[in-house]
Amino acid sequence: MKTDYLIIVLGMGIVTYIPRWLPLFFLSNRQMPEWLVGWLDFIPVAILSALILPCLVTAGEPRQLELFRPELFVAIPTFIFALKTRSLAGTVITGMFLFRLVEMFL
Amino acid sequence: MNSDSTEHTESWQPVIKDGTVAAGPICLGYLPIGLAFGVIAQKAGLHPLEIGLMSLLVYAGSAQFIAVSMLDSGAAFVPVVITIFMVNLRHLLMSSSLAVYLKDISKGWLSLYAYGVTDESFALNITRFRNGNWGWRRAIVVNHTSNIVWIGSTITGGYCGDFIPSGAFGIDYALIAMFICLLVFQLRGLLYMIIAIIAGFLAVVLSLVLPGNSYIVIASVIAATIGVFLQKSKIFIKLNGNQKPL
């Protein structure tokens, strides 16, 4: 293994670990103000939505709006299935099955 | 299942069982992405062991793809490391959000936990923590089960990725479907739905105009902040008066 590569990967590892570690190390076991706890309670729903939606309606590099994508078609029944069943495993399998189906016909 | 307080004294066996079962959807999603990463990295001239080392030390899907394409085009240490840092800044938000649920844990365990924070493990564990029947040890098992599958699949991709058909069983959709379901779990009332719509809309718009993935952090921070103000506003309290959770 080349030393250059080892050093780059080590550097990448450190800068990836720091944002993961800092808040856990300093915020856990500490009394946080109420507004911060409230704000942090909204972060998961915001992040999930911010992660998913661009995957469904944009594509390419640089990104462009693209509404007619199998990802978006399949997301609608998958969303409804999750809403009705509240089953994680079931939703994953249904989503995969529907995506395969749509891809076969496109 | 057990609450946090009893989890310290419980034996590891049920903890490992619950954690590995819960990690299933993540593993299903990591497998094809890991294989694909292995193939690409190998084509960029990396040995399977070098690939495995990166997966072990960095453990971040999108960042690793970006790093390999940068290395392949001859990028130097500083630009690669800065880019990777920017790409993974979103974990700062996720770890902050997780910190609310990780109390009474030694600094050593917290440091180990931090290693396993990814988009997927965060989304899965925070949902379980929120439901109340989840503890930090089970969450760490989820993190490390996913981690092992990620490292293993990237190395496998480096050795024999060319022989695996892509797109089989719709597996490419596994993580999107998982995120959709976890988003549904997070929609616990009108306010959460409004925040989700704001975050999603902002993310789409920002992803079209900003480079990289900075849109995730910016959209989430703005949407959560609007949420805090809405929660305090009188109009919303009146509106939300007889709202049932989804």
Side-chain angles (χ1 to χ4, degrees), chain A residues 1 5-13 15-17 19-25 27-29 32 35 37-58 63-65 71 74-75 78-79 82-83 86 88-89 91-92 94-100 103, chain B residues 24-25 28 50 53-54 57-58 60 63 67 77 80-81 84-85 88-89 91-93 95-100 102-103 107 110-111 113-114 117 119 123 126 169-171 173-174 176-184 186 192 195-196 199-200 203-204 207-208 216 219-220 223-224 227-228 231:
Chain A
M1 204 175 290
Y5 178 77
L6 194 69
I7 291 169
I8 283 199
V9 171
L10 265 177
M12 286 168 54
V15 298
T16 306
Y17 185 66
R20 288 172 168 165
W21 175 80
L22 268 179
L24 279 186
F25 201 79
L27 288 181
S28 302
N29 304 320
M32 285 185 250
W35 66 266
V37 175
W39 188 78
L40 289 174
D41 183 46
F42 293 141
I43 287 294
V45 71
I47 284 191
L48 279 166
S49 192
L51 280 171
I52 299 167
L53 265 181
C55 294
L56 302 181
V57 300
T58 71
R63 282 176 184 272
Q64 287 189 321
L65 203 61
E71 281 83 353
V74 175
T78 306
F79 184 87
L83 212 56
R86 311 194 74 82
L88 185 63
T91 305
V92 170
T94 306
M96 284 165 57
F97 173 75
L98 292 174
F99 190 68
R100 183 83 195 116
E103 274 197 327
Chain B
L28 203 59
E50 292 178 322
L53 184 79
M54 190 195 281
L57 291 180
V58 182
F77 178 85
V80 173
V81 169
I84 298 312
F85 178 66
N88 288 327
L89 261 183
H91 295 136
L92 207 62
L93 276 184
S95 283
S96 307
S97 194
L98 281 165
V100 177
L102 295 169
K103 294 186 188 302
K107 296 288 188 193
L110 278 175
S111 300
Y113 193 108
V117 175
D119 298 354
I126 200 94
F169 315 113
I171 208 163
Y173 207 71
I176 295 183
M178 184 182 88
F179 281 138
I180 289 174
C181 189
L182 291 173
L183 175 65
V184 166
Q186 290 290 336
Y192 293 88
I195 294 167
V204 169
S207 76
L208 298 172
I216 300 172
S220 307
V228 170
Q231 197 173 32

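Note that these values count all heavy atoms, side chains included, but never hydrogens, waters or copies made by symmetry. This structure is a prediction, so every number in the text was calculated from the model and none was measured.
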OG of Ser97(B) to CG of Leu40(A), rounded to nearest 0.5 Å, is 5.5 Å
With a 4.5 angstrom heavy-atom cut-off, is it the side chain or the backbone of Ala219(B) that approaches chain A, or both, or neither? side chain
Can you find a pair of side-chain heavy atoms, one from Tyr113(B) and one from Ser28(A), that are under 4.5 Å apart? no
Parallel, tilted or perpendicular: which describes the rings of Phe99(A) and Tyr173(B), with under 30° parallel and over 60° perpendicular? parallel
Atom pair CG/CD1 of Leu56(A) and Ile176(B) - distance to nearest 0.5 Å: 6.0 Å
Side chain to side chain contact (heavy atoms under 4.5 Å, CB included) for Ile180(B) and Leu48(A)? Distances and angles first, verdict last. CA-CA 8 Å; Ile180(B) 289 174; Leu48(A) 279 166; over 6 Å; no
What's the separation between atom CG in Leu27(A) and atom CG in Leu102(B), rounded to the nearest 0.5 Å? 11.0 Å
Nearest non-hydrogen partners of Thr16(A) and Ala60(B), listed with the distance: CG2-CB, 4.2 Å
Measure Met32(A) against the heavy atoms of chain B and call it side chain, backbone, both or neither at under 4.5 Å. side chain
For Trp21(A) and Ser95(B), run side-chain hydrogen bond (donor to acceptor under 3.5 Å, both in side chains): C-alpha distance rounded to whole Å, both residues' side-chain angles, the deciding distance at 0.1 Å, then the answer. CA-CA 7 Å; Trp21(A) 175 80; Ser95(B) 283; over 6 Å; no
Below 4.5 Å from any heavy atom of chain A, which atoms of Leu110(B) appear? Answer side chain, backbone, both or neither. both
Return the option, out of Ala89(A), Gly11(A), Pro44(A), with the maximum number of heavy-atom pairs under 4.5 Å with chain B. Pro44(A)
Taking all non-hydrogen atoms of both residues into account, name the closest pair between Tyr5(A) and Glu50(B) and its distance. OH-O, 2.8 Å
Proximal component of Leu88(A), with respect to chain B [non-hydrogen, under 4.5 Å]: both
Is Phe25(A) close to chain B through its backbone or its side chain, or both, or neither, when contacts mean heavy atoms under 4.5 Å? both
Ala123(B), Ala114(B), Ala174(B): which one forms the most heavy-atom pairs within less than 4.5 Å of chain A? Ala114(B)
By a 4.5 Å heavy-atom criterion (distance strictly below it), what part of Val45(A) contacts chain B: side chain, backbone, both, or neither? both
Just so I know, are the side chains of Val92(A) and Leu28(B) near enough to count as touching, which here means a heavy-atom distance under 4.5 Å? yes
Among Thr78(A), Thr94(A), Leu98(A), Val37(A), single out the residue with the greatest number of heavy-atom pairs under 4.5 Å to chain B. Thr78(A)
Euclidean distance, Leu57(B) CG relative to Ile8(A) CD1, rounded to 0.5 Å: 13.0 Å
For Pro23(A) and Ala99(B), which heavy atoms make the closest approach, and how far apart are they? O-CB, 4.0 Å
Looking at chain A, which one of Ser96(B), Ala63(B), Ala223(B) has the largest number of heavy-atom pairs inside 4.5 Å, strictly under? Ser96(B)
Side-chain donor or acceptor of Arg20(A) paired with backbone N/O of His91(B) under 3.5 Å: no
Heavy atoms only, distances under 4.5 angstrom: which of Ala203(B), Cys181(B), Gly24(B), Ala199(B) has the most pairs with chain A? Name it, please. Cys181(B)
Output for pair (Ser220(B) OG, Ile43(A) CD1), nearest 0.5 Å, gives 6.0 Å
Between Val57(A), Val74(A), Leu10(A), the one whose heavy-atom pairs under 4.5 Å with chain B are most numerous: Val74(A)
Does Thr58(A) have any side-chain contact (heavy atoms from CB on, under 4.5 Å) partners at least two apart in sequence or in another chain, and if so, which? Pro54(A), Arg63(A), Leu65(A), Val204(B), Ser207(B), Leu208(B)
Can you tell me how far CG of Leu183(B) sits from CD1 of Ile47(A), rounded to the nearest 0.5 angstrom? 12.0 Å
With sequence neighbours excluded, residues passing side-chain hydrogen bond (donor to acceptor under 3.5 Å, both in side chains) with Asp119(B): Arg90(B)
Contact summary for Pro19(A) and Phe85(B), nearest pair of heavy atoms: CG-CE1, 4.1 Å
Verify side chain to side chain contact (heavy atoms under 4.5 Å, CB included) between Met178(B) and Thr91(A), making sure each step is shown before the conclusion. CA-CA 7 Å; Met178(B) 184 182 88; Thr91(A) 305; over 6 Å; no
